[in-house]
> 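Okay, handing you the structure first.
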Amino acid sequence: MEYLIELKKVCLQFDLGFAIENLTFGVKEKEIFGFLGPSGAGKTTTIKLLTKQLKRKSGSISLLGKDIDQVTRSDYDQIGILSDTSNLYERMSIQDNLNFFAGLRGIGRGQVEDILQRVGLKEQRKQVFKKCSRGMKQRAILASAVLHRPRLLFLDEPTSGLDPATSQEIHRLLLQLNKTGTTIFLTTHNMEEADKLCHRVGIINQGKLIACGAPRDLKLEFARDEIRVMKRDRQYITVKKDEAGAKRIAELIQAGDCVTIHSNEPNLEEIFLQLTGREF
Ligand SMILES: Nc1ncnc2c1ncn2[C@@H]1O[C@H](COP(=O)(O)OP(=O)(O)OP(=O)(O)O)[C@@H](O)[C@H]1O
């Protein structure tokens with residue numbers, strides 16, 4: 001199967017006017033796919049379409065190689081979802097919460113032990129969820145989402161509001177999960193996160209996909225026709241990638257006045273701004 005998720009010309013319209021228009025893209029098995037866009041672009045709506053919390057008006061969606069309308073409850077056992085609302089019980093400990101969800105899914109206690117170890121909560125497993133720090137809560141929620149070792153994991157803003165160290169910890173866990181075969185679809189505002197984690201990204205704005213590809217390919221596609229040179233006095237000059245630019249660089253090298261040379265590629269945030277003129 002080439003795609004684990006595939007959308008073709010998917011449309012949806014809310015009463016108040018927002019619309020998803022002709023959304024077409026695919027997510028390959030074992031990749032980390034980042035779905036990026038500003039607030040209100042349609043990221044959560046897309047996750048809801050993919051997890052059957054909303055129904056499209058037209059177009060087709062396939063999930064795990066099946067038309068989404070044919071996907072059954074047992075197919076959903078292959079899927080994990082981490083959203084902005086946690087389903088963990090505030091007054092129960094992390095371990096009791098995980099044991100409870102393991103029981104519902106018929107998963108053995110051994111797997112709970114394993115996941116507590118993997119998310120780094122073994123020592124704190126007896127802590128009541130309500131009293132956990134934000135980072136601990138997020139790790140516990142992630143643990144509950146992957147307890148059943150899903151083949152496909154949906155994450156809506158997995159590091160939103162977390163400090164850099166905890167975000168890095170979550171990134172490490174996601175990379176580890178992906179390494180062991182989990183396909184990950186995540187939404188984020190954070191371009192650096194996407195660049196670091198994702199094999200490919202899709203950028204959505206006002207309900208429309210405006211770019212899709214590997215971060216490196218997008219950067220090359222939107223690369224400026226420029227080279228940046230640092231001179232001995234630590235000042236930068238920018239030259240075009242043309243004959244005149246090459247001549248200028250050669251002169252600087254000959255004069256011993258060229259310290260560094262870099263092609264001037266945009267980062268993902270700059271690409272987004274170039275495409276839409278909007279801030280994240
Ligand atoms: N059930 C609904 N009924 C009507 N409008 C909705 C509904 N759900 C979402 N919207 C609107 O659809 C648009 C897209 O919302 P969505 O939550 O998908 O954005 P998002 O990209 O996830 O934003 P954020 O990054 O802020 O979470 C917004 O304008 C939102 O107000």
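Sequential numbering from 1 along the given sequence is applied to the chain's residues. Just follow the structure's listing: the first ligand is 1, and inside any ligand the first atom is 1.
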> Between Pro38 and Lys43, which heavy-atom pair has the shortest distance, and what is it?
O-NZ, 3.0 Å
> With a 4.5 Å cut-off on side-chain heavy-atom distances among I, L, V, M, F, W and Y, is there a chain of contacts connecting Val10 to Phe18?
yes
> Test of understanding: with salt bridge (Lys or Arg N to Asp or Glu O under 4.0 Å), list the residues that count as partners of Asp114, not counting sequence neighbours.
Arg118, Arg149
> Can you list the residues that meet the side chain to side chain donor-acceptor pair (under 3.5 Å) rule with Gln13, with sequence neighbours excluded?
none
> Can you tell which of Ile79, Ile184, Thr46 makes a side chain to side chain contact (heavy atoms under 4.5 Å, CB included) with Phe154?
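One option only clears the test, and that one is Ile79.
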> Mind checking who shares a hydrophobic cluster with Val229, ILVMFWY linked at side-chain heavy-atom distances under 4.5 Å?
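Joined to Val229, directly or through intermediates: Ile227, Ile237, Val239, Ile249, Leu252, Ile253, Ile261.
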> May I have a table of the N/O to N/O pairs between ligand 1 and the protein that fall below 3.5 Å, each row giving the two atom names and the distance to 0.1 Å?
residue  : atom   : partner : partner atom : Å
ligand 1 : 18 (O) : Thr44   : N            : 3.4
ligand 1 : 18 (O) : Thr45   : N            : 2.9
ligand 1 : 18 (O) : Thr45   : OG1          : 2.5
ligand 1 : 19 (O) : Gly42   : N            : 3.4
ligand 1 : 21 (O) : Ala41   : N            : 3.1
ligand 1 : 21 (O) : Gly42   : N            : 2.9
ligand 1 : 21 (O) : Lys43   : N            : 2.9
ligand 1 : 21 (O) : Lys43   : NZ           : 2.9
ligand 1 : 22 (O) : Thr44   : N            : 2.8
ligand 1 : 22 (O) : Thr44   : OG1          : 2.7
ligand 1 : 23 (O) : Gly40   : N            : 2.8
ligand 1 : 25 (O) : Lys43   : NZ           : 2.8
ligand 1 : 25 (O) : His189  : NE2          : 2.9
ligand 1 : 26 (O) : Ser39   : OG           : 2.6

